[in-house]
Amino acid sequence: MSSEIRVTVDGVVHPVQPGISAGELLRQFANGTRPVAARVNGKVVDLSRPVSEDATIEPVSADSAEGLEILRHSTAHLMAQAVQSLYPGTQVTIGPTIEDGFYYDFAPPRPFTVEDLPKIESKMRELVKADLKVERVEMGREEAIALFDSMHEQYKVEIIRGIPEERVSLYRQGDWIDLCRGPHVPSTRYLKAFKLTSVAGAYWRGDERNAMLSRIYGTAFPSREALEEHLRLLEMARARDHRKLGREMGLFFFDPIAPGSPFFLPKGAIIYNQLIEYVRRLYRRYGFEEVITPQIFKNQLWRTSGHWDMFREHMFLTTDGENPAGELDYGVKPMNCPSHAVMYRSDKRSYRDLPIRLADFGRLHRAERSGTLHGLTRVRAMAQDDAHIFCTPEQIAGEIDLNLRMVREVYEALGFGNIELKLGTMPDKHLGSEEEWRKREEVLAGAMRRNGFDFELNPGEGAFYGPKIEIYVPDALKRKWQVATIQLDFNMPERFDLEYTTSASTQARPVMIHRAVLGTLERFIGVLLEHTGGVLPFWLAPEQVRVLSLSEKVEDYAREAAELISRTGFRASADLRNEKLGFKVREAELARIPYMAVVGEREAASRMVSLRRLRGDKNQPLTLDALLELLKAEPLPC
RNA sequence: GCCGAUGUAGCUCAACGGUAGAGCAACUGACUUGUAAUCAGUAGGUUGCCAGUUCAACUCUGGCCAUCGGCUCCA
């Protein structure tokens, strides 16, 4: 009959009968582990999967990345089962795992609300207690289509129709069954620690022309403790939400009178302007020239640039009131590039002039859809550390290098060790041949490799006029926001008929590179606040030193000390209120002021301060001169 | 824009068909202070806006606005 096969578990070879399940083998030979799945010859499969040939078998524990994903995916199934038993007539669609959890999209008779979640959770717990076996079932495509059709699961039918394979796998638990590739945990009792977190609308297949489905988000962990820890971290992340910090630190606010448009208070404006000053210093080193351009242009400009067709729905249109028809014949700029093209065109250019690097902190306005606005990270009024480089085709690589070096310098200086680079490649709607595109994409990819950056592809996410490098930074809740960008543009020079005279006295078309390093300043400040929890580097702190007086007796000295510090060029104030020191310290700590200089009668007599650092050392006695030296030694990023 | 939720004093929240209340902040006074909240008093609101139901609406209904979580879009 069947001869024995050789399975390797934990480095030991065992002869066994073929057909025995991976789970059974692990139970026998890998004692003490409690896997959720098995890895057979490198492939992760159900524990129930029979092993029919020589194999190396390893346990996949719930703590591993793959195990956790299986756990969450199985929890998504559990949730779908609970939902369908509680809300008859609800169709299932898809339910993938995501970073930190999972979701499942349903087509219910009425959309779910958060009030439904506790009910669903308790149903899920019931199903866990029932210890339902999770079984893999394979069947032919047509058979599966007939099955789901009989269950009135039209979305599943649509999904299977899109699957090329002839056989598909389904998973059954109790009387519930779902199309799924798997693998899954062997039984519902493996799912102990889960929580449903939120509901949301989501379009079928992510297309807003399709039906709006009802999505439920949740998360699952191997243990109660791990789940609690996760929820605790989420709570802490919410404490460093930039919208909350902005209010607490008195940096900015929003008013319904200008949706999506932040008001920067004096302290917020200091951060804003310090960042601009920083970038200006960099510009001097990197060879950029700052310009100032108009805010409002006749629509003719947008027709020429292509924004009229591509971006008009996001533009604020206006008029000077002089045209008799009352037509909106002007547009407020959403981007700086067209005016820079106009500036380039304002003079005859030679190859000797190139590259020309025009930088512009001009204010931009974009009519973002109301539902997309989000604190400082998604606004309608903004400024970028924007620049456009006009260069010859030969100069492209060097210019990309220059900007990548600048990106590296800035993000290192500001303590972002977690930037992510992506290469946005040719979109469906594009100008130019595929061959040209691949060449240009390779130029960007090569530059990133040359500069030692890892990057991922973002397929089809390039601009219609050229590929782009996108740089992302996460916020406190790990949501990624694009900040810096470097984009090649072969279209705008064409549209504006830009030219330069070559060394052979012929006319040639320059290439345009759109780039921003901080990106949108509003967004950058938002992620910077979340990244730092509001504890900004000294040079960015709106208030750098606060002198705290101990009593009225030292008021004059405290005032004098603060004035001296201010005169020396630092942002300082004195807190002379009739309050206890602990109270003033607390307020200064909450305001995230880097240095607190405490002065009492002792200090006044010796012209000293007792220095306290934000969230750091205290009671450091210093003379006023020593304090000034210490402040002067605080580093600028450049 | 779409789905769901929320909107009460400057901030954080309570009350819930019978003309709104706390803590902090503000203001006044006392205290004269040693490294994350001294005490007392005063003032502050057409409960986001507009309609409707009702003898009576912060509370119920509808519309609008804004915000939050997502989707779509995107820096």
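So you know, we letter chains A, B, ... as the sequences are listed, proteins then strands, and number each from 1.
Here the C1' atom of nucleotide B:G4 and the CG atom of A:Leu196 are 15 Å apart, to the nearest Å. Rounding to whole angstrom units, CZ of residue A:Phe253 and C1' of B:C11 are separated by 15 Å.
When the side-chain nitrogen and oxygen atoms of A:Arg215 are compared with OP1 and OP2 of B:G69, none of them lie within a distance under 4.0 Å. OP1 or OP2 of B:C71 has not a single side-chain nitrogen or oxygen of A:Arg205 nearer than 4.0 Å. OP1 or OP2 of B:G69 lies within a sub-4.0 Å distance of a side-chain N or O belonging to A:Arg243.
Of all nucleotides present, only B:U6 satisfies the Watson-Crick or G-U wobble test against B:A66, with each distance under 3.5 Å.
There is a side-chain donor-acceptor pair under 3.5 Å between A:His340 and A:Asp360. Side chains of A:Thr293 and A:Lys333: a donor on one and an acceptor on the other come within 3.5 Å.
Of the possible donor and acceptor atoms, one in the side chain of A:Arg72 sits under 3.5 Å from a partner among the backbone N and O of A:Ala220. Using modelled atom types, one side-chain atom of A:Ser549 and one backbone atom of A:Asp575 make a donor-acceptor pair closer than 3.5 Å.
The shortest distance between side-chain heavy atoms of A:Arg312 and A:His307 does not fall below 4.5 Å.
Base engagement by A:Arg369 is indicated by at least one non-hydrogen atom pair under 4.0 Å involving a base atom. Base contact: A:Glu589 has a heavy atom under 4.0 Å from a base atom. Among the atoms of the strands shown, only primed sugar atoms or phosphate atoms (P, OP1, OP2) are found under 4.0 Å from some heavy atom of A:Gly260. Among the protein residues, A:Tyr103 comes within range of no part of the nucleic acid, since none of its heavy atoms lies under 4.0 Å from any strand. Among the protein residues, A:Glu603 comes within range of the nucleic acid bases, having at least one heavy atom under 4.0 Å from a base atom. The residue A:Ser610 sits close to a base: some heavy atom pair falls under 4.0 Å. Nucleic acid contact for A:Thr372: base, since at least one base atom lies under 4.0 Å from a heavy atom of the residue. Among the protein residues, A:Gly616 comes within range of no part of the nucleic acid, since none of its heavy atoms lies under 4.0 Å from any strand. Using a 4.0 Å heavy-atom distance criterion, A:Phe524 is classed as making no nucleic acid contact. Nucleic acid contact class of A:Gly519 (heavy atoms, under 4.0 Å, all strands): none.
Of the candidates B:U32, B:A75, B:U72, B:A75 carries the atom nearest the A:Val379 side chain, counting heavy atoms from C-beta on.
Both tests pass for A:Arg440 against the ring of A:Phe490: distance under 6.0 Å to the centre and angle within 45° of the axis.
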**Message:** Using the rule given for ring-ring contact (aromatic ring centres under 6.0 Å, His included), can you reason through A:Tyr472 versus A:Phe416, listing the C-alpha separation, both sets of side-chain angles and the distance that settles it, and then say yes or no?
**Reply:** CA-CA 10 Å; A:Tyr472 293 83; A:Phe416 284 98; over 10 Å; no
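For A:Glu601 against B:G34, a side-chain-to-base donor-acceptor contact under 3.5 Å is absent. Side-chain atoms of A:Arg366 stay outside donor-acceptor range of the base of B:C74, with no qualifying N/O pair under 3.5 Å.
For the pair A:Glu228 and A:Lys195, the salt-bridge criterion is not met [side-chain N within less than 4.0 Å of a carboxylate O].
Taking a 4.0 Å limit (strictly below) on heavy-atom distances, residues 464-484 of chain A reaches RNA chain B at A:Lys468, A:Arg479, A:Gln482, A:Val483.
Between B:U19 and B:A15, the distance separating the two C1' atoms is 14 Å to the nearest Å.
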